[in-house]
Amino acid sequence: MLDTANLPIDLGHWLAALVPIITLLVLLAVLRWKAPEAGPIGMFAAGATALIFFRAPLETVAVGGAKGIWDALFILFVVWPALLLYRVTQRAGAFDALRQGISQFSRNQVFIVLAFGWVFASFLQGIAGFGTPIAVVAPLLVALGVRPVYAVAIPLIGHAWANMFGTLAVGWLATLQVVDLEDPTATALQTAALLWIPNLAGAFTIAWMIGRGPAMRLAVPFILIISLIHGGGQLLITLWNPVLSTFLASTAALLALYPLSRWKRYAEPMEDGGERPAMAEDGATTDEDEPVMGLPLALAPYVVLTVASLLVLAIPPVEDALGELEVGLPFGAVETGYGVENGAEAPYSPFSPLTHPGAFLLVASGVSYAVFRSKGMFERHAARTVAQEGEDDPAEESIASSVASDAVPSSVAVVSFLVLAQVMSHSGQTEVLALGIEEVAPAFLFAILANVIGVVGAFMTSSNTASNVLFSELQQTVAEAEGLSESAVIAAQSTGGAIGNAIAPANVVLGTTTAGIVGEEGTVLRKTLPWTLGVSALVGLATLALI
Amino acid sequence: MPSTLASLAITLGLFVLALGLISAGTDQGVDALWAAGLGLLVLGGLIGPALRLTGSGEEDS
């Protein structure tokens with residue numbers, strides 16, 4: 001637990017604490033540095049600020065840095081297997097098969113992009129978070145004719161609402177660990193209510209990206225029906241079991257896609273003409289030949305992923321047994337000259353590799369590779385590619401080499417971001433940012449800004465869970481001091497932590513890597529940052545109604 | 001001069017080594033270990049920006 005009693009809460013230190021975050025944003029979004037280049041600079045900015053302004057000794061900076069590396073490994077255990085799954089399915093020709101197979105159900109771009117970028121991404125977040133929806137859906141959308149930048153931005157926005165109670169409510173459970181809530185049911189209910197805002201706003205934003213006004217008008221019934229299932233379903237199920245709320249609601253929405261695809265409105269293509277910013281000019285890759293595999297086989301990797309996840313996470317005895325294996329490292333106690341103490345931990349943040357989403361992705365990759373290889377899919381797709389593109393050997397690089405080429409730069413970026421976050425936390429910079437807002441904001445303004453603190457936390461750590469772990473206690477303390485509803489403020493923190501995932505650098509890097517546009521992180525952020533800020537404002541106003 | 005990919009792979013390796021050294025050093029109270037780890041963390045962090053500033057970052061990874 002942090003002792004923040006001696007932290008300097010003044011404008012100078014508040015601005016100093018902002019420097020690492022601003023540095024990172026400017027390098028990525030303005031100067032367009034690549035993430036593996038910008039991340040380390042942000043990391044150094046955090047370290048320098050800690051040493052110069054926050055009286056952090058070198059040992060404190062070292063421990064913060066090392067814990068950041070450890071936290072990053074947790075995420076990289078999703079990144080590398082997700083990239084492996086992507087490369088296995090791509091080399092086997094599954095994406096072409098998916099695109100052609102899905103077009104048999106619907107040729108409507110609004111329906112298809114929303115189905116994958118919103119509904120399927122939310123479903124994946126329901127069962128396997130930590131960036132999995134972005135890593136899996138981004139390349140699918142590219143194959144479906146979405147421009148790569150939008151193929152990353154769309155699932156970032158589409159999946160955000162599902163972060164808090166997704167992955168079987170790991171964010172909610174972590175929150176309960178760090179704060180003793182007066183009324184957990186009321187808090188869960190208000191959180192679910194606030195999360196409905198990014199759910200609806202996300203869907204309409206995606207429709208806008210697809211085809212502006214005409215696409216939004218076309219999508220209205222679809223969005224309202226699915227959002228009712230998502231948001232309304234999550235709200236209702238929260239009353240009974242918050243852990244299953246997002247999973248059940250997002251699964252029901254996924255199943256609802258089939259009857260909706262039979263509706264003529266969404267089976268037929270959109271009318272020609274009009275602006276379609278998210279869609280590639282030539283549409284999806286044209287391929288008049290039969291795909292090398294049918295739609296069921298192309299979907300098999302994702303079915304295996306879902307089944308593997310459910311078998312472990314939804315069956316407590318299985319999860320408990322596999323969860324016995326934990327790995328973690330010890331760290332000694334450190335403190336700063338301002339009295340910010342971080343106690344010794346042995347181990348720090350252990351994780352269970354066998355119940356981690358990365359394990360399920362590895363299983364899906366392995367099973368898919370075995371099945372595709374046994375059916376000769378790799379050779380058939382390679383031969384098809386040679387015939388179409390006239391290349392002698394289109395797959396010179398092995399799958400493993402391709403994965404490494406994709407994953408290494410992203411990994412450097414993810415590690416840098418998490419090191420930045422932990423150094424800021426260990427030196428008290430994060431707390432100064434939050435406490436500074438509380439110092440100057442009257443009660444009603446703090447209520448509006450409570451979710452912004454959650455957004456900042458998620459931006460820094462790429463995790464709704466980590467944002468809540470960082471800030472829930474602080475938010476609870478401020479709510480009590482200001483006479484605000486604890487449930488409403490914690491709900492705002494949680495919702496901010498969810499929507500902050502749309503701009504989390506690690507998530508963005510994951511998407512640009514699997515979409516094949518590493519270096520375009522700034523361009524993606526310019527799509528998702530306005531959305532995040534706008535939704536944050538709406539959530540802030542809605543929080544006022546709850547306090 | 002190693003390729004961009006190789007350079008970033010070295011960065012990752014340095015980060016992982018740093019993790020182990022800092023953990024061991026702070027847990028066991030051996031200053032030289034965690035200090036060495038911090039040095040490796042800094043060294044690893046310099047590679048990415050150095051690639052950018054020397055123009056090597058334009059190479060395909």
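Keep in mind it's a predicted model, so treat the numbers as computed, not measured. Note on naming: letters A, B, ... go to the chains in the order of the sequence lines (proteins, then strands), and numbering restarts at 1 for each one.
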- Message: Please identify, among B/L19, B/V42, B/V16, the residue contributing the most non-hydrogen atom pairs under 4.5 Å to chain A.
- Response: B/L19
- Once you round to the nearest 0.5 Å, how far does NZ of A/K67 lie from OG of B/S23? 10.0 Å
- Considering all heavy atoms, the nearest B/L12-A/S411 contact: CD1-CB, 3.6 Å
- Query: Closest heavy-atom contact between A/P409 and B/L5?
  - Reply: CD-CD1, 4.2 Å
- Task: May I ask you to name which of A/A38, A/A62, A/G39, A/A344 has the most heavy-atom pairs under 4.5 Å with chain B?
- Result: A/A62
- Under a 4.5 Å heavy-atom cutoff, which of A/A66, A/G65, A/P330, A/P40 has the most pairs with chain B? A/P330
- Task: Let me know if A/V415 has heavy atoms under 4.5 Å from chain B in its side chain, its backbone, both or neither.
- Result: side chain
All N/O donor-acceptor pairs, side-chain side in residues 34-41 of chain B, below 3.5 Å, sequence neighbours left out:
{"unit_1": "B/W34", "atom_1": "NE1", "unit_2": "B/D31", "atom_2": "OD1", "d": "3.1"}

- Task: Please flag which part of A/L27 lies under 4.5 Å from any non-hydrogen atom of chain B: side chain, backbone, both or neither.
- Result: neither
- Minimal non-hydrogen separation, A/E59 against B/T26, with atom names: OE2-CG2, 3.5 Å
- Heavy-atom pair of closest approach, residues A/E37 and B/P49: O-CG, 3.7 Å
- Name the region of B/L21, side chain, backbone, both or neither, that has any atom closer than 4.5 Å to a heavy atom of chain A. neither
- Heavy atoms under 4.5 Å from chain B: which residues of residues 43-57 of chain A carry them? A/M43, A/F44
- Message: On a heavy-atom basis, which atom in B/F15 and which in A/I69 lie closest, and how many Å separate them?
- Response: O-CD1, 3.3 Å
- Message: Which heavy atom of A/K34 sits nearest to which heavy atom of B/R52, and what is that distance?
- Response: N-NH1, 4.1 Å
- Which region of A/A333, side chain (C-beta onward) or backbone (N, CA, C, O), has a non-hydrogen atom less than 4.5 Å from a non-hydrogen atom of chain B, or is it both or neither? neither
